[in-house]
Chemist: 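If you scroll down you'll find the structure; I have some questions about it.
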Amino acid sequence: MNTLEQLKSELQSEYEITKNFINLFPEGNNDYAPHVKSMKMMPLATHLVEVFEWPNTILKTAELDFAAGEYKPTVLSNKAELVAKLEQDFEAGKRALDHAHEEDLYPTWTIKNAGQTLASWTKYGAIRHALNQITHHRAQLGVYYRLNDIPLPSSYGPSADSQSF
């Protein structure tokens, strides 16, 4: 299996797991946050689903500079919008990987703020980082769900809520 096939397989797997979490998103809890320094639940879930588009952005650009206004976070207000955004962004990421070639993964991709480099990877490394971000933010959302007594679906194995004792 080549690198692109591995990335596509992992993106698909993360999408399937994340879809189960997003389908449980509780209406009316958009502003819930477990701590004053924590993101609110809807912005966290929105960011999570937006990451599925990142392979597209990474493969089509050399950098992202936040101060240049190239990235504007999406603002969603309900579960239906969240589900639709996940589908849209997953398809964009998947399509980008489907049309990429191995050599497209070699150039450098950089995140900047006002010209200052925050992080830089090969495009392969940037996509791997994005996949790690999906796992990270989904785990955060899982904590929010647990604190609101929302049963957790399986991720990489059964959750305490998805198995019978």
Side-chain angles (χ1 to χ4, degrees), residues 1-25 30 33 37-77 79-145 153-157:
M1 181 183 298
N2 68 29
T3 307
L4 281 167
E5 291 305 315
Q6 291 174 358
L7 291 172
K8 288 191 271 188
S9 176
E10 190 171 351
L11 185 73
Q12 180 71 44
S13 177
E14 294 301 322
Y15 162 75
E16 296 295 336
I17 296 166
T18 301
K19 184 167 61 168
N20 292 333
F21 275 76
I22 297 304
N23 284 334
L24 294 173
F25 191 86
N30 292 6
K37 292 182 180 180
S38 299
M39 288 179 77
K40 293 181 189 287
M41 194 179 313
M42 179 57 87
L44 173 62
T46 301
H47 178 60
L48 166 61
V49 302
E50 282 183 314
V51 177
F52 282 91
E53 189 279 338
W54 287 12
N56 181 54
T57 295
I58 291 165
L59 287 166
K60 290 183 176 177
T61 62
E63 67 181 36
L64 174 66
D65 191 324
F66 291 115
E70 298 164 348
Y71 170 73
K72 302 234 186 293
T74 302
V75 177
L76 302 176
S77 59
K79 180 172 144 179
E81 292 174 350
L82 194 58
V83 168
K85 182 70 172 159
L86 173 62
E87 297 301 321
Q88 173 188 335
D89 286 357
F90 167 68
E91 287 302 324
K94 181 178 179 295
R95 194 169 36 255
L97 290 172
D98 284 342
H99 291 97
H101 302 283
E102 288 289 319
E103 59 271 12
D104 296 333
L105 300 173
Y106 303 153
T108 300
W109 192 77
T110 304
I111 295 177
K112 296 180 178 180
N113 191 32
Q116 178 183 6
T117 297
L118 303 176
S120 190
W121 307 270
T122 62
K123 289 188 178 200
Y124 165 78
I127 293 169
R128 285 290 321 125
H129 181 78
L131 290 165
N132 291 339
Q133 287 293 305
I134 291 168
T135 305
H136 166 73
H137 292 305
R138 190 177 58 237
Q140 285 180 294
L141 187 60
V143 170
Y144 287 34
Y145 283 8
S154 299
S155 287
Y156 303 114

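For reference, positions follow the sequence shown, starting with 1. Note that these values count all heavy atoms, side chains included, but never hydrogens, waters or copies made by symmetry. This structure is a prediction, so every number in the text was calculated from the model and none was measured.
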Chemist: Taking side-chain contact (heavy atoms from CB on, under 4.5 Å) as the definition, give me every residue that meets it alongside N30, ordered by chain and number, with sequence neighbours left out.
Modeler: F25, M42

Chemist: Please report the closest heavy-atom contact between K79 and N23, naming both atoms and the distance.
Modeler: NZ-O, 2.6 Å

Chemist: How close do P55 and I127 get, heavy atom to heavy atom, and via which atoms?
Modeler: CA-CG1, 4.1 Å

Chemist: Mind checking side-chain contact (heavy atoms from CB on, under 4.5 Å) for Q116 and listing every partner two or more places apart, or none if nothing turns up?
Modeler: none

Chemist: Kindly say whether P153 contributes a backbone atom to a donor-acceptor pair with the side chain of Y145 at under 3.5 angstrom?
Modeler: no

Chemist: List the atom of D89, the atom of E50, and the distance in Å for their closest heavy-atom pair.
Modeler: OD2-CA, 3.2 Å

Chemist: Taking side-chain contact (heavy atoms from CB on, under 4.5 Å) as the definition, give me every residue that meets it alongside K60, ordered by chain and number, with sequence neighbours left out.
Modeler: N56

Chemist: Can you list the residues that meet the side chain to side chain donor-acceptor pair (under 3.5 Å) rule with K123, with sequence neighbours excluded?
Modeler: none

Chemist: Between H47 and H137, what is the ring plane arrangement, given parallel below 30°, perpendicular above 60°, and tilted in between?
Modeler: perpendicular

Chemist: Which residue pairs satisfy the salt bridge (charged side-chain N to carboxylate O under 4.0 Å, His left out) criterion with at least one member in residues 97-115, sequence neighbours excluded?
Modeler: K8-D98, E63-K112, K94-D98

Chemist: Once ring pair (Phe, Tyr, Trp, His ring centres under 6.0 Å) is applied, do any residues pair with F90, and if so which ones, sequence neighbours excluded?
Modeler: Y15

Chemist: What are the two closest heavy atoms between Y144 and K40, and how far apart are they?
Modeler: CE2-C, 4.2 Å

Chemist: Inspect the surroundings of NE2 in H136 and state if more than 12 heavy atoms from other residues, nucleotides or ligands are less than 6.0 Å away.
Modeler: yes

